[in-house]
Structures are given as structure tokens and as C-alpha cells.
Amino acid sequence: MILVTGGAGYIGSHTCIELLNNNFDVLVVDSLDNSSPEALKRVEEITGKSLTFIEGDVRDATLMASLFKDYPINAVIHFAGLKAVGESVAEPLMYYNNNLISTLILCEAMKNASIKNLVFSSSATVYGDPQTLPLTEDMPLSATNPYGRSKLIIEEMLRDLPAADALANGDNNWQVALLRYFNPVGAHPSGKIGEDPSDIPNNLMPFITQTAVGRRKQLAVFGDDYDTIDGTGVRDYIHVVDLAKGHVKAVEKLLSAEGIDGVQAYNLGTGNGVSVLQMVNSFAKENSIEVPYQIVERRPGDVAACYADVTRAQKELNWQAELGLKEMVQDSWNWQSQNPRGYR
Ligand code: NAD
Ligand code: UD1
């Protein structure tokens, strides 16, 4: 059984589908702080399979200990956390409290239960302001905001576990995959689940879909004077279904005889850079719907371009993204147009 923290969220719910489709038993723990139980109901509808859901906070040590006692868990995927960069600048303590303490409590419970297979949701944000592209996993790491710093601190904390285990037990049993996501977009092709930001979206794709559906007047394009193909920011967008499949591959690797040697980071992206205007134009063309936009000032803290070298994930996880820009924009719109108000 796989314990999925934050499994009701955007990436977590898509990953539950892929886990169930691959015949894993799934136990979700989620506080529902940033998600709806409806997402998990729809996961069950889509797969025709059931999962176990416990509403609760990963920072609750008693709860976490009881989960490892009561369920036959072999590995954990840890999605639970807060993820809005701007909010993290305003409320850094809230971000450190949630992201760091949840991971700490989780790892203590795992250690006590001797279940040491972990897949952690990291982010391309740990590369800070990239100096060379494409980004490989061994490039220098830095943080430009508290959210990014929380991911970086967690990565560092997890890196300390194998040596400690070897000291205590003569042998290390921790296997930790740090999955560094680039820019997740898209939705399940059924249109039943997708990204449902509770506030005004910070990220590009939900802003585009909410503009297209009429909830926002127009998209603000943050800067057209970057040194990129058309002056707008370039990112490595990855379809959330591909990303979810990457988690299944990582879990399979941890549970295989070969395993992972201690802690290893993997970039999950497509390796392709797409500009803001390329994304907007592709969305408009594939869905035959206009997206009104206006060029405005650059957003502070943004980098010009960011995309992944995905060789390590290809070689070691036997994973690569299969879906392109067309599927990303079509599936994002399919979800938003069927669910104009998200799960509400
Ligand atoms: P999300 O907000 O949709 O999902 C996170 C889930 O965790 C939510 O369901 C929320 O209710 C739950 N949660 C939060 N704190 C909790 C706690 N203490 N205990 C239990 N549940 C808790 O976000 P997402 O986009 O699915 O992101 C999942 C993970 O991936 C996060 O760790 C995020 O930082 C990371 N990540 C996301 C992106 C992205 O663009 N979406 C990019 C890189 C990394
Ligand atoms: C943001 C976060 C990053 C996080 C990532 C994935 C910031 C500074 N960085 O990065 O830490 O890991 O999301 O969750 O917030 N854009 C517009 N108009 C919009 C929104 C975005 O033009 O309304 C542009 C941005 O300038 C950027 C691109 O679209 O060039 C993508 O933006 P976004 O989706 O916010 O992702 P990132 O900037 O990569």
C-alpha cells in the first residue's frame, strides 16, 4: 500500500489515478486545506477502484504513527504542503511550519515504523536563477523565496538520513527520490479532475483557463523584453498525467530489487522550453477560443527561461513525458470548461 500525503490536491489526485491503474492500494491523508473530497470521489469514478481516505494533518504525530501501525504501507509519496510563492513571502513562518514540520513528523513516523521508501515533491525552484540551461540535477541550488527555501531545506534534511541509518544499523535502508517538477499543467483527459486554485491563480495556465471561461477579464503577460524567442518568459511545462506517471515509476524503482542508492534527485519535465505567448496562442488555436491579454511589467523574481535536462529520469526511472503542448492546452480547457467553478 502507498501512503499519499496531500493526495486530494492537484498533482496528488492525478497520481492516485495512476497508482490505482497500476494496481497499488492507496491510502490518502489530506487536511483538505487546499482541496476538495470531491476530487477523491472522482478518482474512484475514473478508475472504478476505491482508495482509503483519512482527513488529517501530516503534522499530527499521533495520527501518522497510527497510519503506519494500521495499514501495510510500503512507500510514501509526500505531496502535502503549501505552494504559493507570493503567500510564502508574506507568511514565511506558516510555510516553514507546514512544509518543514510535516516532512519532519512524516520521516519520524517512517523511521519508527522502519518504512524508509519516500518520494518527495520538490520543485525546479530549487535551481534559483539558472545560470546554464538545460538544468541538470547536479547544478548549484539556491532559493529566491521562503517557499523555495522550504523545499531546499527539506532536500538537505533528507540527505542526512542515509548516513545516520548506516551509523545506527550498519546499513542504510532509506531510499528517497527527490522529484523536481518543472511546470505542471493540464488535467486528466476525462475532464473530471484538474487544478482548482481557491484564490486568484498565480500560475499561467489556470489564469489562461479562467480568462477563457470568463472568470477573469484578461491575462496579464509579465514582460516581453526577456532574451527569449519572443521576449516572454520560457518554461518547461509538463502534463500532470505524465508527472503522475513519473511518481509511479519512482515508487516502482524504490520497491524494485535495484532500488535507489540513498537520496537521488530527478528532474521531471519535458526538456522543451515554451514561451508565454506560444502557450497562449496554442491554447487559442487548439481550443478555438480567444484569450484576451495585455503585456505588462515583468513580475519581480521571475527568471527569463527555465527548462530541464531529463536524461537521468529517462535512464534511471525509465520515464519520459509523452504528452505535448496540444494535450496540455486541450485537457486544461476540457477540465475548466466542464467545471467552470472547479469542484464548487
Ligand atoms: P495542492 O495544494 O493542490 O495539493 C497539496 C495538498 O496537500 C492539498 O490537498 C492540501 O489540502 C494538502 N495539505 C497541505 N498541507 C497539509 C498538511 N500539513 N497535512 C495534510 N495535508 C496537507 O498542490 P499541488 O500542486 O498538487 O502540489 C503538490 C506538491 O508538489 C506540493 O508539495 C508542491 O509544493 C509541489 N510542487 C507543485 C508544483 C505546482 O506547480 N503545482 C510545482 C513544483 C512542486
Ligand atoms: C512559479 C513560481 C515557482 C514555482 C512554479 C510552479 C514565482 C516567482 N515562481 O514559477 O517557484 O515552482 O510557479 O508552481 O511565482 N505569467 C504571466 N502571467 C500570469 C502568470 C504567469 O505572464 O498571470 C508568466 C510568468 O511570468 C512566467 C510564466 O508565465 O514567465 C510561468 O509562470 P508561472 O506559471 O507562475 O510559473 P513560474 O514562473 O515558473
Side-chain angles (χ1 to χ4, degrees), residues 4-15 28-37 39-40 54-60 63-64 77-89 94-95 97-99 101-103 105-106 120-128 143-145 147-148 150-151 154 179-185 194-198 200-208 210-211 216 218-224 226 228 232-238 240 243-244 247 268 273-277 279-280 293-307:
V4 183
T5 77
Y10 172 46
I11 305 171
S13 55
H14 286 85
T15 301
V28 169
V29 61
D30 197 303
S31 61
L32 302 180
D33 274 4
N34 196 38
S35 52
S36 161
L40 293 174
I54 309 283
E55 184 174 344
D57 196 302
V58 181
R59 289 168 291 180
D60 179 344
L63 170 69
M64 296 312 286
I77 307 180
H78 181 36
F79 291 107
L82 302 176
K83 62 165 184 177
V85 172
E87 188 182 51
S88 81
V89 174
M94 185 168 91
Y95 270 66
N97 188 313
N98 195 337
N99 294 0
I101 296 181
S102 67
T103 311
I105 298 284
L106 171 67
F120 173 66
S121 294
S122 190
S123 164
T125 191
V126 299
Y127 295 112
T144 53
N145 55 66
Y147 165 70
S150 75
K151 294 291 178 191
I154 293 167
L179 302 187
R180 295 179 180 154
Y181 315 153
F182 281 66
N183 290 60
V185 296
E195 189 171 14
D196 182 23
S198 50
I200 300 175
N202 301 300
N203 296 119
L204 178 63
M205 185 60 96
F207 212 104
I208 292 179
Q210 290 194 8
T211 305
R216 315 268 157 220
Q218 64 178 8
L219 170 75
V221 173
F222 299 138
D224 67 349
Y226 288 107
T228 59
T232 63
V234 163
R235 296 292 183 272
D236 185 342
Y237 297 94
I238 173 166
V240 67
L243 189 61
H247 290 74
L268 298 189
V274 171
S275 77
V276 176
L277 288 182
M279 181 61 93
V280 170
Y293 70 85
Q294 187 187 9
I295 310 283
V296 302
E297 289 290 287
R298 290 181 178 192
R299 178 172 66 178
D302 269 0
V303 300
C306 175
Y307 49 92

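Order of listing sets the numbers, starting from 1, for every ligand and every atom in it.
Short contacts between ligand 1 and L32, defined as distances under 4.0 Å to a heavy atom of the residue, involve ligand atoms 11 (O). Taking a cut-off of under 4.0 Å to the non-hydrogen atoms of S121, the atoms of ligand 1 that pass are 29 (C), 30 (O), 32 (O), 35 (C). When each atom of ligand 1 is checked for a heavy atom of Y147 under 4.0 Å away, the hits are 33 (C), 34 (O), 35 (C), 36 (N), 43 (C), 44 (C). For ligand 1, the atoms closer than 4.0 angstrom to any heavy atom of R59 are 18 (N). Taking a cut-off of under 4.0 Å to the non-hydrogen atoms of D33, the atoms of ligand 1 that pass are 11 (O). Each of the atoms 28 (C), 29 (O), 31 (C) of ligand 2 lies under 4.0 Å from some heavy atom of Y237. Shown in contact with N202 at under 4.0 Å from a heavy atom are these atoms of ligand 2, numbered in order with element: 20 (C), 35 (O). Atoms of ligand 1 found under 4.0 Å from any heavy atom of S122 (numbered from 1 in listed order, with element): 43 (C), 44 (C).
Of all the heavy atoms of T232, none lies under 4.0 Å from any atom of ligand 2, so neither backbone nor side chain is involved. Here E195 has no heavy atoms under 4.0 Å from ligand 1, in either its backbone or its side chain. Looking at N183 against ligand 2, only its side chain comes within 4.0 Å, counting heavy atoms.
Just one residue in the list I77, V28, V29 forms a side chain to side chain contact (heavy atoms under 4.5 Å, CB included) with T5, and that residue is V29.
What sits closest to atom 4 (O) of ligand 1 on the protein, heavy atoms only, is G9 CA, 3.5 Å. Of all protein heavy atoms, the one closest to atom 21 (N) of ligand 1 is S31 N, 3.1 Å. In terms of protein heavy-atom proximity, atom 16 (N) of ligand 2 is nearest to F222 CD1, 3.6 Å. D57 OD1, 3.6 Å is the protein heavy atom nearest to atom 17 (C) of ligand 1. Remark: minimum distance from atom 25 (O) of ligand 1 to any protein heavy atom is reached at K83 NZ, 2.8 Å. Nearest protein heavy-atom neighbour of atom 7 (C) of ligand 2: V85 CG2, 3.7 Å.
Every heavy atom of Y10 sits 4.0 Å or more from the atoms of ligand 2. For G7, the heavy-atom gap to ligand 1 stays at 4.0 angstrom or more. Within the structure, ligand 2 has S123 among the residues with a heavy atom less than 4.0 angstrom away. Ligand 1 has N98 within reach: a non-hydrogen atom of the residue lies less than 4.0 Å from it. At least one heavy atom of A220 lies less than 4.0 angstrom from ligand 2.
Considering backbone and side-chain N/O of D302, one or more are found under 3.5 Å from N/O of ligand 2. In terms of N/O distances under 3.5 Å, ligand 1 is not approached by P184. In terms of polar-atom proximity, defined here as any N/O pair under 3.5 Å, V276 makes no such contact with ligand 2. Of the N or O atoms in F207, none lie within a sub-3.5 Å distance of an N or O in ligand 2. On a distance-only criterion, F182 and ligand 1 share no N/O pair closer than 3.5 Å. The distance criterion of under 3.5 Å between nitrogen or oxygen atoms is met by L204 with respect to ligand 2. The distance criterion of under 3.5 Å between nitrogen or oxygen atoms is met by R299 with respect to ligand 2.
Compare K83, R235, M205 by their heavy atoms: the one nearest to atom 37 (P) of ligand 2 is in R235.
The closest side-chain donor-acceptor pair between E87 and Y95 falls under 3.5 angstrom.
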